[in-house]
2 protein chains.
Amino acid sequence: MAAELDGRKKKILQAVIRNYLETGEPVGSRTISKYTDLNLSSATIRNEMSDLEELGYIIQPHTSAGRIPTDQAYRLYVDSMMEEKDREIGELKEMLLEAENKVDKVLKNVAKVLANNTNYATVVSAPQIRGNKLKFLQLSRVDENQILAVIVVEGNVIRNEMISVDEPLTDEMLLKLNILLNTHLTGLSIDEINLGMITALKEQAGIHSDLISTVLDAVAEAIRGEEDLEIYTSGANNFFKYPELADNEKASELIGTFEEKKALAKLATENLADEQNTGIQVYIGEESPIKAMKDCSVVTATYELEEGMRGSIAIIGPKRMDYEKVVASLKTMKDELERIYNRRKEADPDG
Amino acid sequence: MAAELDGRKKKILQAVIRNYLETGEPVGSRTISKYTDLNLSSATIRNEMSDLEELGYIIQPHTSAGRIPTDQAYRLYVDSMMEEKDREIGELKEMLLEAENKVDKVLKNVAKVLANNTNYATVVSAPQIRGNKLKFLQLSRVDENQILAVIVVEGNVIRNEMISVDEPLTDEMLLKLNILLNTHLTGLSIDEINLGMITALKEQAGIHSDLISTVLDAVAEAIRGEEDLEIYTSGANNFFKYPELADNEKASELIGTFEEKKALAKLATENLADEQNTGIQVYIGEESPIKAMKDCSVVTATYELEEGMRGSIAIIGPKRMDYEKVVASLKTMKDELERIYNRRKEADPDG
DNA sequence: GTTAGCACTCTTTTTAGTTGAGTGCTAACA
DNA sequence: TGTTAGCACTCAACTAAAAAGAGTGCTAAC
């Protein structure tokens, strides 16, 4: 199986795929005979198609139907037959700028714009920070028995924790705790905060050791970024545009999965785990990290806003998706996101 | 139209509605004849049904079909024919407790649990604060040219704003600004922060008046709570369980709307606007505040966690939804939410 | 190696016929 | 006067059969 294809077979297979991407209908020999510039009769095409079927690139849904591409054919197409598409997607960029300087809004927008533009469903994950350190920590009294802990982690991830205390803390105590925590914790990563240190901190805090516990938990969560990976989705109803996904059972499953952000997080983590990967990844059918998407193709891109702050963008559609367009759109978005960030960081420091 | 119904007509109408709620199929005279304890023949029922049709309570989808209730009938049913259902929904409560002390997680859970329990779609809006005041404001230096503004509004809504500054602020300056802002702004509502005060503040801040602007904007947004109303949804795929909503066109529209949190926010604002309303609201068909839900019924409840902190829970399903159960579930959830809050506030101050 | 032609297959569409649920109306009955 | 049995009628839903259409595989000729 999967032997090398000669030039003509390649051309024919490509034509079959292209045509099927457009129409979603099985494509017959006569169509190809006209579609390509090979000037071959349908009979010849039939012979070739017969070969392609034997090689596992196309199948017939039933005896007297045309052929449709197999996952193997899509794989070949994506890997080596796809042409770089012009990225004319100027409007994508414009729509991004609206959202000014709020990362979460920009990402929400990315999801929406991509979904509108491609007619597929999109999943965008907020940048996740790994192996980073505590940058800033402060306890403040908000009222008599409420203390606000503000935690900032490298990458400017901010976390707030409101802590109730039975007995009001004096100003001195608060100051003391602040100094204590900062001198011991600032600049440390999660691995460097060990049990011995925690015990020491608690001892020094005396009757307020509970407070320390709560703060430390919050610090740990903030550093790990475990809280919950923010996921933005858009275009779930685009599934309905493709009959092969739109029947009740499949649509229901897809929509259900799409609602379950936790399941979608897999898409992000899958890609982000591979720190090298900064490119585009294509999952066809069963290759998908999410079972519910076995009838779909999933294309993901990884973006990097800053050292270590990486997130992912995914587009989910039918297997017969317009891979060229999707890949081009993803590249545009990825570049644009990274550009926006760089612009802000390098040229526009007072954002 | 809508004249008073005599007892028998009422009973028959109720039977028609009940039966239709269960089956979703038009119900015929013979069914009713057996369903009720009126001991009437189908012929008699037919006469009565004919009357009910003339009065606008039921219609025939086509000549030789049974009758289905109209919106008017549902209205009557919900207003006066519905029975209080026992609230046996103990598991709802248990599932809530998992989520400990994070309001957002609790609310996410509410949405999920309700959706699972009722088999309808749910929308939960986070509590919105109105007319509240600035409680706490603090600027801190995070690194040389980044200032973190932490803003706490009554009701413990916390907002962070990272502000870049060209020239590093000295410690004195920072202290001065903090005092300046706190003395002027703490305890004020949005209406009380007027232009004169802003100008005065900026003057006193000197070269850092830009900083003041940014902080004030953030304060204003925090107080208004305008940012974006958090909306949690669940059970979108439940729509597929009801054939009358599951055809591609309708499902697509519903799912699309369901994804558009902004549209859903209407549900919340609609109810919260009426400050008196702390009960259950039922929208049938066209009555719904959201056009896309014209074929659905929407039942909403308003919960109040604390003085002025009110949010809403909505359940969306087919018009033939199990109103008794939905109302009971909503009541349980509302009570439980309010109870959890009270427990925390009154009995467990260091939770 | 390529192509025209034809028989064959199998889905899709069309048509016609049948069934069944349910109604409205009439006439009889209590 | 209200109730009921009976019957003709309607119309969606189902079934079966027929026709159409798209496409193939194979063979024979070029």
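Letters A, B, ... mirror the listed sequences (proteins, then strands); counts begin at 1. Since the structure is predicted, the reported quantities are computational estimates derived from the model, not experimental observations. No hydrogens, no waters, no symmetry mates; every other heavy atom, side chains included, goes into these values.
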**Prompt:** Does His62(B) or Met49(A) map to a spot on DNA chain D nearer the 5' end, using the closest nucleotide for each?
**Reply:** His62(B)
**Request:** Assign each of Asn39(B) and Val27(A) to its nearest nucleotide of DNA chain D by heavy atoms, then name whichever residue's nucleotide is nearer the 5' end.
**Result:** Asn39(B)
What is the distance from [atom1] of [X] to [atom2] of [N], rounded to the nearest Å?
X        : N       : atom1 : atom2 : answer
Ile12(B) : dG2(D)  : CD1   : P     : 14 Å
Ile45(B) : dG24(C) : CD1   : P     : 13 Å
Leu38(A) : dG1(C)  : CG    : C1'   : 14 Å
Leu52(A) : dG25(D) : CG    : P     : 12 Å
Asn47(B) : dT1(D)  : CG    : C1'   : 13 Å
Glu54(A) : dG25(D) : CD    : C1'   : 13 Å
Glu48(A) : dT24(D) : CD    : C1'   : 16 Å
Glu25(B) : dG20(C) : CD    : C1'   : 14 Å

Using a cut-off of less than 4.0 Å, is there contact between a side-chain N or O of [X] and OP1 or OP2 of [N]?
X        : N       : value
Arg8(A)  : dT2(C)  : yes
Thr63(B) : dC11(D) : yes
Arg46(A) : dA22(D) : no
Thr44(A) : dT3(C)  : yes
Arg67(A) : dT24(D) : yes
Ser29(B) : dT23(C) : yes
Ser64(B) : dC11(D) : no

**Message:** Quick one about Ser29(B) and Arg46(B) (side-chain donor to acceptor, distance below 3.5 Å, no hydrogens or angles considered), yes or no?
**Reply:** yes
**Asked** Contact class for Ala43(B) (heavy atom, under 4.0 Å): base, sugar-phosphate, or nothing?
**Response** base
Look at [X] together with [Y] and state whether they make a salt bridge at an N to O cut-off of under 4.0 Å.
X         : Y        : result
Lys319(B) : Asp71(B) : yes
Glu287(A) : Arg75(A) : yes
Asp6(B)   : Lys10(B) : no

**side chain to side chain contact (heavy atoms under 4.5 Å, CB included), paired with Ile17(B), selected from Tyr77(B), Tyr57(B), Tyr323(B)** = Tyr77(B)
**Asked** Going through the distances and angles, do Ser329(B) and Thr332(B) end up as a side-chain hydrogen bond (donor to acceptor under 3.5 Å, both in side chains)?
**Response** CA-CA 5 Å; Ser329(B) 301; Thr332(B) 305; 5.9 Å; no
Under a 3.5 Å cut-off for both distances, is [N] Watson-Crick or wobble paired, and to whom?
N       : answer
dG17(C) : dC14(D)
dA29(D) : dT2(C)
dA19(D) : dT12(C)

